[in-house]
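Inspection log for the structure reproduced underneath, given as structure tokens.
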Amino acid sequence: MTYHGWVIQTQPPPRPLSAALIGDAAEADLHAIARIYARHVRHGLASFEEVPPSVEEFRARRSAVLRAGLPFLAAKLDGEVVGYAYASAYRSRPGYRYSIEDSVYVEGALSGRGIGSALLATLIERCEAGPWRQMLAVIGDSGNAASIALHRRLGFRSVGTFASVGFKLGRWVDTVLMQRPLGPGDTQAP
């Protein structure tokens, strides 16, 4: 690009990482998943946990998700785990059995490159193959524009905000609630 005789070099925007492979998270992926989540726990407001869970805890969480018949996914780029997503029960009472909650986390340096979108789209597709009818997003921090935009792009609508329900990193934190139907949603009985 030239401007009045000067050559201005611009860097192209980061290209989307459509080459990331999405699949079932394996036992061997749990160390990388725990590392990715630990950064979010220590430095971010998306999770209200304050102490990063161990690999053993992630093993138990993954096992519970799989026992419920729900997906636990990993995104890999050049063989390395760069993000993960899973669905879990929204609440334990039987009346909530057709509603699930999503969780999506991406390696910090790769945010905004399409990995979260690919993970969430695959998660939705897999969950629509099951009996679930509603997917809920419980997003930590009303200022988490990236997560709110990601969910909105994939068909979630905002259904409310709990103001100042968490306290982390020295401040009060909101929770944004978003929801999308799965399959026929509430148009027919399960």
Side-chain angles (χ1 to χ4, degrees), residues 22-25 29-30 33-34 36-41 44-53 57-75 81 83-107 111 115-168 173-187 190:
I22 310 297
D24 293 323
D29 299 330
L30 294 178
I33 287 170
I36 291 168
Y37 186 60
R39 189 189 64 76
H40 286 278
V41 168
L45 300 171
S47 168
F48 283 19
E49 287 194 76
E50 296 181 312
V51 175
E57 174 60 24
F58 260 101
R59 188 172 291 114
R61 291 178 186 189
R62 176 177 165 267
S63 180
V65 166
L66 298 177
R67 271 194 318 272
L70 290 160
F72 196 118
L73 308 172
V81 175
Y84 70 97
Y86 63 91
S88 57
Y90 171 63
R91 296 277 192 259
S92 61
R93 292 187 177 103
Y96 290 114
R97 68 188 169 276
Y98 298 109
S99 296
I100 53 179
E101 182 179 338
D102 76 279
S103 293
V104 180
Y105 290 92
V106 174
E107 186 74 58
S111 284
I115 296 168
S117 293
L119 280 164
L120 186 53
T122 304
L123 188 70
I124 291 166
E125 181 181 324
R126 293 265 194 100
C127 291
E128 285 187 318
W132 306 284
R133 295 300 183 84
Q134 300 293 324
M135 183 174 279
L136 308 170
V138 181
I139 300 170
D141 188 17
S142 57
N144 190 343
S147 185
I148 293 167
L150 164 66
H151 284 85
R152 189 169 287 126
R153 272 193 314 276
L154 289 169
F156 287 76
R157 64 181 175 81
S158 181
V159 294
T161 301
F162 288 133
S164 303
V165 293
F167 190 82
K168 186 175 177 189
V173 185
D174 299 339
T175 297
V176 175
L177 306 172
M178 299 183 80
Q179 177 178 354
R180 85 176 305 282
L182 295 172
D186 62 359
T187 63

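None of the values given here were measured: they were computed from a predicted structure.
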Closest contact, heavy atoms only, [X] versus [Y]:
| X | Y | value |
| --- | --- | --- |
| M178 | I148 | CE-O, 3.8 Å |
| P94 | R97 | O-NH1, 2.7 Å |
| L150 | V104 | CD2-CG1, 4.5 Å |
| W132 | A68 | CZ2-O, 3.8 Å |
| A89 | L70 | N-CD1, 4.1 Å |
| G83 | L119 | C-CD1, 3.7 Å |

Keeping [X] on the side-chain end and [Y] on the backbone end, is there a donor-acceptor pair under 3.5 Å?
| X | Y | value |
| --- | --- | --- |
| R153 | S117 | no |
| H40 | V106 | yes |
| K168 | S47 | yes |
| T122 | A118 | yes |

> Is E125 atom CD crowded by more than 12 heavy atoms from other residues, nucleotides or ligands, each under 6.0 Å away?
Replying inline: no
> Is the number of heavy atoms from other residues, nucleotides or ligands within 6.0 Å of CZ (F167) greater than 12?
Replying inline: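 Yes.
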>> Suppose we screen for side chain to side chain donor-acceptor pair (under 3.5 Å). Which residues come up paired with S142, at least two apart in sequence or across chains?
In response: D174
> Does any donor atom in the side chain of S63 or R59 lie under 3.5 Å from an acceptor atom in the other side chain?
Replying inline: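 No - no donor-acceptor pair under 3.5 Å links their side chains.
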> Pairs in or reaching into residues 84-94: which pass salt bridge (Lys or Arg N to Asp or Glu O under 4.0 Å), with residues at least two apart or in two chains?
Replying inline: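 For residues 84-94, and leaving out neighbouring residues, there are no salt bridge (Lys or Arg N to Asp or Glu O under 4.0 Å) pairs at all.
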>> Could you walk me through whether V165 and F48 satisfy the side-chain contact (heavy atoms from CB on, under 4.5 Å) test, starting with their C-alpha distance in whole Å, then the side-chain angles of each, then the deciding distance to 0.1 Å, before giving a yes or no?
In response: CA-CA 10 Å; V165 293; F48 283 19; 4.2 Å; yes
Atom [atom1] of [X] and atom [atom2] of [Y]: how far apart are they, to the nearest 0.5 Å?
| X | Y | atom1 | atom2 | value |
| --- | --- | --- | --- | --- |
| D29 | Y84 | CG | OH | 12.5 Å |
| R126 | L73 | CZ | CG | 5.0 Å |
| N144 | L45 | CG | CG | 8.0 Å |
| L30 | F58 | CG | CZ | 8.0 Å |
| S147 | R152 | OG | CZ | 10.5 Å |
| D141 | T161 | CG | OG1 | 10.5 Å |

>> Working note: I139 + F156, criterion side-chain contact (heavy atoms from CB on, under 4.5 Å); need CA distance, chi angles, decisive distance, verdict.
In response: CA-CA 12 Å; I139 300 170; F156 287 76; over 6 Å; no
> Are side-chain heavy atoms of P52 and Y37 found at a separation under 4.5 Å?
Replying inline: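 No, side chains not in contact.
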> Do H151 and V176 have side-chain heavy atoms sitting under 4.5 Å apart?
Replying inline: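 A side-chain contact is absent here, since even the closest heavy-atom pair is not under 4.5 Å.
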>> Check the orientation of F72 and Y86. Use parallel for under 30°, tilted for 30 to 60°, and perpendicular for over 60°.
In response: parallel
Taking distance alone, no hydrogens or angles, what donor-acceptor pairs closer than 3.5 Å link side-chain atoms of residues 179-186 to residues at least two apart or in another chain?
from: Q179; atom 1: NE2; to: Q134; atom 2: OE1; distance (Å): 2.7
from: R180; atom 1: NE; to: L154; atom 2: O; distance (Å): 2.8

> Only one of C127, S88, P71 clears side chain to side chain contact (heavy atoms under 4.5 Å, CB included) with I100; which?
Replying inline: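 By the side chain to side chain contact (heavy atoms under 4.5 Å, CB included) criterion, I100 pairs with just one of C127, S88, P71: C127.
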